Asker: 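Dropping the structure in here first, questions after.
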Amino acid sequence: MIDTKALRQEQIEKARQVIRHDSFVTTSTSAIPASTPFTPELIAGADVGFEKNGTVTRAAIAVLHYPSLELLEYQVARIDTVLPYIPGLLSFREYPALMAAWQKLNLRPDLVMVDGQGIAHPRRFGVASHFGLLADIPTIGVAKSRLCGEHPPVGDAVGSYQPLMDHAEQIGVVWRSKKRCNPLYISIGHKVSLDSSVFWVEQCMKGYRLPEPTRWADGIASNRPFFRQTMQKNL
DNA sequence: GCGACAG
DNA sequence: ATCTTGTCGC
């Protein structure tokens with residue numbers, strides 16, 4: 001059986017290592033100051049899906065150039081599924097495949113947007129934080145629905161937002177990325193502040209519900225015709 | 001005890 | 001997440 005008790009404990013311990021402020025580092029120089037004076041050159045999106053009745057876990061990472069948001073590279077990794085889906089323990093199921101895809105990458109993204117929660121998690125250790133910590137890369141959690149926390153209704157206008165609260169602690173921002181679409185749940189993954197997280201997601205929007213990095217990772221993974229065509233056109 | 005519950 | 005066509009609404 002699965003020792004869920006131990007996995008939850010592991011989350012609590014690893015969550016202490018998550019860095020919640022901007023801590024971008026260039027390939028050469030030292031750490032870059034807080035806030036957003038730093039501009040990433042490469043932003044990636046990561047998404048995980050399942051095949052063969054859930055027995056195979058497939059991760060896709062798409063690397064885009066910023067600010068052009070053009071696709072520069074993508075890698076897909078397939079591994080045997082290691083764990084069933086258990087709410088709150090999603091990262092243990094998904095991060096092995098993410099690491100495999102990560103290691104295939106030739107480019108080194110400055111920032112990765114992960115499909116799922118960051119610290120907007122019961123133990124503050126969602127898949128975006130887990131992956132960011134283990135790959136030691138700045139990450140942002142961009143989820144399509146809520147895992148925990150509460151928030152007031154978000155306004156209908158694009159750009160409207162509400163804080164995602166867990167008791168007295170703000171764990172994320174619920175942000176309307178597109179009209180008549182459910183809002184996005186944005187949270188700190190690792191080494192990116194909440195303000196910066198929302199900022200970079202905004203900078204990566206191109207009229208769809210999802211920011212381009214995540215949208216591309218999603219499209220590549222699901223093998224949809226439009227993405228295949230545009231992919232071959234550019235790569 | 002009864003719901004809620006990322007992907 | 002995944003199985004899947006048409007269809008309702010803006």
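Proteins get letters first, then strands, A, B, ... in listed order; numbering begins at 1 in each. What you see is a predicted model; the values in this text were computed from it and never measured.
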Asker: How close or far is atom P of dG3(B) from atom CG of L147(A), stated in whole angstroms?
Answerer: 20 Å
Asker: Taking Watson-Crick (N1-N3 plus N6-O4 or O6-N4) and G-U wobble (N1-O2, O6-N3), each under 3.5 Å, can you produce the dot-bracket string of DNA chain C? Use [ ] for crossing pairs and | for inter-strand ones.
Answerer: ..........
Asker: Would you call K191(A) and D22(A) a salt bridge, using N to O less than 4.0 angstrom?
Answerer: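 The answer is no: the pair does not qualify as a salt bridge.
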Asker: Could you state the NE2-C1' distance from H130(A) to dG7(B), rounded to the nearest angstrom?
Answerer: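 Distance, rounded to whole Å: 15 Å.
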Asker: For Q117(A), report the nucleic acid contact type (base, sugar-phosphate, nothing); a contact means any heavy atom under 4.0 Å.
Answerer: base
Asker: Check for me: is Y85(A) stacked on dG7(B) by the 5.5 Å centroid and 30° plane-angle rule?
Answerer: yes
Asker: Check every strand shown and say whether N53(A) touches a base, only sugar-phosphate, or nothing at a heavy-atom separation below 4.0 Å.
Answerer: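 If one applies the 4.0 Å heavy-atom cut-off, N53(A) turns out to touch nothing in the nucleic acid.
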Asker: Between P on dA6(B) and CG on L7(A), what's the gap in Å once rounded to a whole number?
Answerer: 18 Å
Asker: Starting from C1' on dA6(B), measure out to CD1 on I188(A) and report it in whole angstrom.
Answerer: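 Checked: the CD1 to C1' distance equals 17 Å.
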Asker: Are OP1 or OP2 of dA1(C) and a side-chain N or O of K144(A) less than 4.0 angstrom apart?
Answerer: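 Answer is yes, contact under 4.0 Å.
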Asker: Phosphate oxygens OP1/OP2 of dC10(C): is one of them under 4.0 Å from a side-chain N or O of K179(A)?
Answerer: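 For K179(A), the contact criterion (side-chain N or O under 4.0 Å from OP1 or OP2 of dC10(C)) is not met.
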Asker: With a 4.0 Å cut-off on heavy atoms, is R146(A) in touch with a base, just the backbone sugar-phosphate, or nothing at all?
Answerer: sugar-phosphate
Asker: When all nucleic acid strands are considered with a 4.0 Å heavy-atom cut-off, which category describes L83(A): base, sugar-phosphate, or nothing?
Answerer: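 Touches nothing.
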Asker: Quick one: is S91(A) getting a side-chain N or O under 4.0 Å of the dA6(B) phosphate, OP1 or OP2?
Answerer: no
Asker: Contact class for G88(A) vs. all strands (heavy atom < 4.0 Å): base, sugar-phosphate, or nothing?
Answerer: base
Asker: Atom CG of L89(A) and atom C1' of dA4(B): how far apart are they, to the nearest Å?
Answerer: 15 Å
Asker: Would you kindly give the CG-to-P distance between L164(A) and dC5(B), to the nearest whole Å?
Answerer: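 Whole-Å distance recorded here is 12 Å.
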Asker: Send over the distance from E150(A) CD to dG3(B) P, rounded to a whole Å.
Answerer: 19 Å
Asker: Please report, rounded to the nearest Å, how far the P atom of dA6(B) is from the CG atom of D115(A).
Answerer: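 These atoms are roughly 12 Å apart.
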Asker: When you check the side-chain N and O atoms of Q11(A) and Q9(A), is any donor under 3.5 Å from an acceptor?
Answerer: no
Asker: Is it the case that T81(A) and T57(A) place a side-chain donor and acceptor less than 3.5 Å from each other?
Answerer: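 On atom types as modelled, these side chains qualify, holding a pair under 3.5 Å.
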Asker: Strictly below 4.0 Å, N to O, side chains only: are R20(A) and E169(A) in salt-bridge contact?
Answerer: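 Salt bridge flag = yes for E169(A) with R20(A).
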Asker: Return all side-chain donor-acceptor pairs below 3.5 angstrom for residues 41-53 of chain A, not counting sequence neighbours, or 'none' if the list is empty.
Answerer:
from	atom 1	to	atom 2	distance (Å)
E51(A)	OE1	R78(A)	NH1	3.0
E51(A)	OE2	R58(A)	NE	2.9
E51(A)	OE2	R78(A)	NH1	2.4

Asker: Mind checking if G126(A) touches a base, just sugar-phosphate, or nothing, with heavy atoms under 4.0 Å?
Answerer: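 Base: the residue G126(A), judged by heavy atoms under 4.0 Å, touches a nucleobase.
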Asker: Using the six-membered ring of Y185(A), assess whether NZ or CZ of R146(A) lies under 6.0 Å from its centre and within 45 degrees of the ring axis.
Answerer: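 No, R146(A) does not sit over the ring of Y185(A).
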Asker: Centres of the F131(A) and H190(A) rings: under 6.0 Å?
Answerer: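 No, the ring centres sit 6.0 Å or more apart.
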Asker: Taking only side-chain nitrogens and oxygens of R124(A), does any of them come within less than 4.0 Å of OP1 or OP2 of dA6(B)?
Answerer: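 So the side-chain polar atoms of R124(A) never come under 4.0 Å of the phosphate oxygens OP1 or OP2 of dA6(B).
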Asker: Between dC5(B), dA1(C), dC10(C), which nucleotide gets closest to the side-chain atoms of F50(A)?
Answerer: dA1(C)
Asker: Would you give the length of the straight line joining atom CG of N106(A) to atom CG of L72(A), rounded to the nearest 0.5 angstrom?
Answerer: 11.5 Å
